[in-house]
Amino acid sequence: MRTLLRLTDLQPSDIYEIFHIADEIKMGKYTDFLNGKSAVLFFPYSSIRTRVTFEKGIYLFGGQPILFSNDALDKKEDLKDVCGYLNNWADLIIVRHKDIQLIEKLAGYSKVPLINAMTDRNHPCEILSDMYSLSKIRSNFVDDKYLFCGQSGNIGLAWKEASQVMGFELSQCCGVGYEMEGVNIYHNIKDAIKGKDIICTDSLPAGLLNDFRDCQVTKEIMDMANKHAVFNPCPPFYRGEEVSDEVIDSEYFVGYEFKKNLLVVQQAVIIWCMTHQ
């Protein structure tokens with residue numbers, strides 16, 4: 001049994017194994033992998049892409065998704081007792097909750113695999129999916145130079161986790177005071193974009209837009225990146241804020257196509273977790 005809490009818990013070989021499983025799923029393997037099994041999911045009602053792809057992925061494997069709001073884990077009942085009962089019936093637990101420590105605690109009590117579907121500190125499945133997508137269109141995605149535009153939050157920190165595991169170069173463009181530790185920092189997008197291949201963004205709270213006024217990604221900015229650079233914003237993105245309207249409609253944008261793979265990569269994570277003791 002394995003859990004997926006952080007990308008830094010993995011080795012590069014684990015990530016490439018997940019990619020290989022995803023390829024096998026596309027070829028029609030594992031169709032009945034979850035036949036007769038139940039997956040318990042804890043998700044906020046606002047979740048769209050991650051929830052849809054996990055639920056559909058379980059259904060396509062012949063499994064039963066059982067959904068709860070994630071605030072069910074914030075009740076007075078001790079998590080040890082919650083897991084004590086779920087261990088009788090669940091074959092898999094998938095949790096999206098802001099507090100990674102809560103998910104870690106839950107994983108410690110669970111006798112079945114547990115997958116972190118997002119916290120305030122990271123988003124491992126999302127970044128695994130993006131790396132898998134990049135591996136399909138780049139000659140060697142770990143040789144590319146990455147730029148993350150946004151504050152220190154779950155998306156940026158997840159890209160940092162990925163860079164630590166896979167060894168690619170990661171820089172951040174952000175307003176002053178929003179830096180991640182341990183990466184190259186820029187405060188102006190015109191300086192940051194030079195020499196970069198993969199540009200990623202995260203949306204910003206309305207109150208921070210002015211602090212990031214020198215970090216917006218536009219088509220003009222993407223023209224200054226390396227040849228064949230790609231633009232991969234994390235959804236939800238907001239046209240006219242962290243990204244311009246025209247860059248989303250440009251040839252640089254790969255977001256819609258990349259997110260197709262979220263389904264198969266999350267299915268691959270399920271298999272990877274459930275087939276290793």
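The chain is numbered in sequence order, starting from 1.
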Side chains of H97 and D74: is there a donor and an acceptor less than 3.5 Å apart? yes
Closer than 4.0 angstrom, basic N to acidic O: yes or no for R239 and D245? yes
Take I103 and T119 through the side chain to side chain contact (heavy atoms under 4.5 Å, CB included) test and state the conclusion after the steps. CA-CA 9 Å; I103 296 181; T119 71; 3.5 Å; yes
Test item: M166 and I15 side chains (from C-beta on) under 4.5 Å apart, heavy atoms: yes
Any side-chain heavy atom of C173 within less than 4.5 Å of one from L147? yes
Measuring centre to centre across the rings, with the benzene-like ring taken for any Trp, is F258 within less than 6.0 Å of Y132? no
Do T31 and F61 touch side chain to side chain, with heavy atoms closer than 4.5 Å? no
Donor + acceptor pair across side chains of S244, E246 (<3.5 Å): yes
Whether the K26 and N261 side chains hold a donor-acceptor pair (N or O, under 3.5 Å, no angle test) is what I'd like checked. yes
With the side chain counted from C-beta on, respond yes when F54 and Y59 share a heavy-atom pair under 4.5 Å apart, and no when they do not. no
Quick one: do I18 and I137 end up in the same hydrophobic cluster if we chain Ile, Leu, Val, Met, Phe, Trp and Tyr together by side-chain heavy atoms under 4.5 Å apart? yes
Taking the side chain as C-beta and beyond, is there a heavy-atom pair between M118 and E126 under 4.5 Å? no
Kindly indicate whether the side chain of M131, heavy atoms from C-beta on, has any atom under 4.5 Å from the side chain of F168. yes
Run Y30 and E24 through side-chain hydrogen bond (donor to acceptor under 3.5 Å, both in side chains) and show every step you take. CA-CA 8 Å; Y30 303 107; E24 290 184 317; 2.9 Å; yes
Between L204 and E241, does the side chain to side chain contact (heavy atoms under 4.5 Å, CB included) criterion hold? Intermediate values first, please. CA-CA 8 Å; L204 297 164; E241 295 188 4; 5.7 Å; no
Give a yes or no on whether the ring-centroid distance for Y146 and F141 is below 6.0 angstrom. no
According to a hydrophobic-cluster definition based on side-chain heavy atoms being under 4.5 Å apart (Ile, Leu, Val, Met, Phe, Trp, Tyr only), do I127 and F19 belong together? yes
So does E169 pair up with K196, basic N to acidic O under 4.0 Å? no
Please verify the inter-ring angle class for F212 with Y178; under 30° counts as parallel, over 60° as perpendicular, anything in between as tilted. tilted
Ignoring hydrogens and geometry beyond distance, is a side-chain donor-acceptor pair present between D71 and Y45 at under 3.5 Å? no
Please tell me whether N226 and D197 have a donor and an acceptor in their side chains that are separated by less than 3.5 angstrom. yes
Might you work through the side-chain hydrogen bond (donor to acceptor under 3.5 Å, both in side chains) test for D223 and Y252, ending with a clear yes or no? CA-CA 9 Å; D223 289 340; Y252 295 112; 2.5 Å; yes
Hey, are E161 and T8 close enough side-chain-wise for a donor-acceptor pair under 3.5 Å? no
Could you go step by step and tell me if V247 and F231 meet the side chain to side chain contact (heavy atoms under 4.5 Å, CB included) rule? CA-CA 8 Å; V247 76; F231 178 53; 3.7 Å; yes
When you look at E55 and L67, which way does the side chain to side chain contact (heavy atoms under 4.5 Å, CB included) test go after all the steps? CA-CA 9 Å; E55 285 201 61; L67 179 69; 3.8 Å; yes
Side-chain H-bond candidate by donor/acceptor type, Q151 with D202, under 3.5 Å: no
Say whether S38 and Q64, considering side chains only, have a donor N or O and an acceptor N or O under 3.5 Å apart. yes
Which word best sums up how the rings of Y85 and W89 line up, parallel for under 30°, tilted for 30 to 60°, or perpendicular for over 60°? parallel
Side chains of I58 and I94: does their closest heavy-atom pair fall under 4.5 Å? yes
Under a 4.0 Å threshold between the charged nitrogen and the carboxylate oxygen, would K29 count as salt-bridged to D23? no
Hey, are D130 and S133 close enough side-chain-wise for a donor-acceptor pair under 3.5 Å? no
Does one hydrophobic cluster hold both L134 and V269, with members joined at side-chain heavy-atom distances below 4.5 Å? yes
Is there a donor-acceptor contact under 3.5 Å linking the side chains of D143 and N140? yes
Check: F42 and I93 side chains under 4.5 Å, non-hydrogen atoms: yes
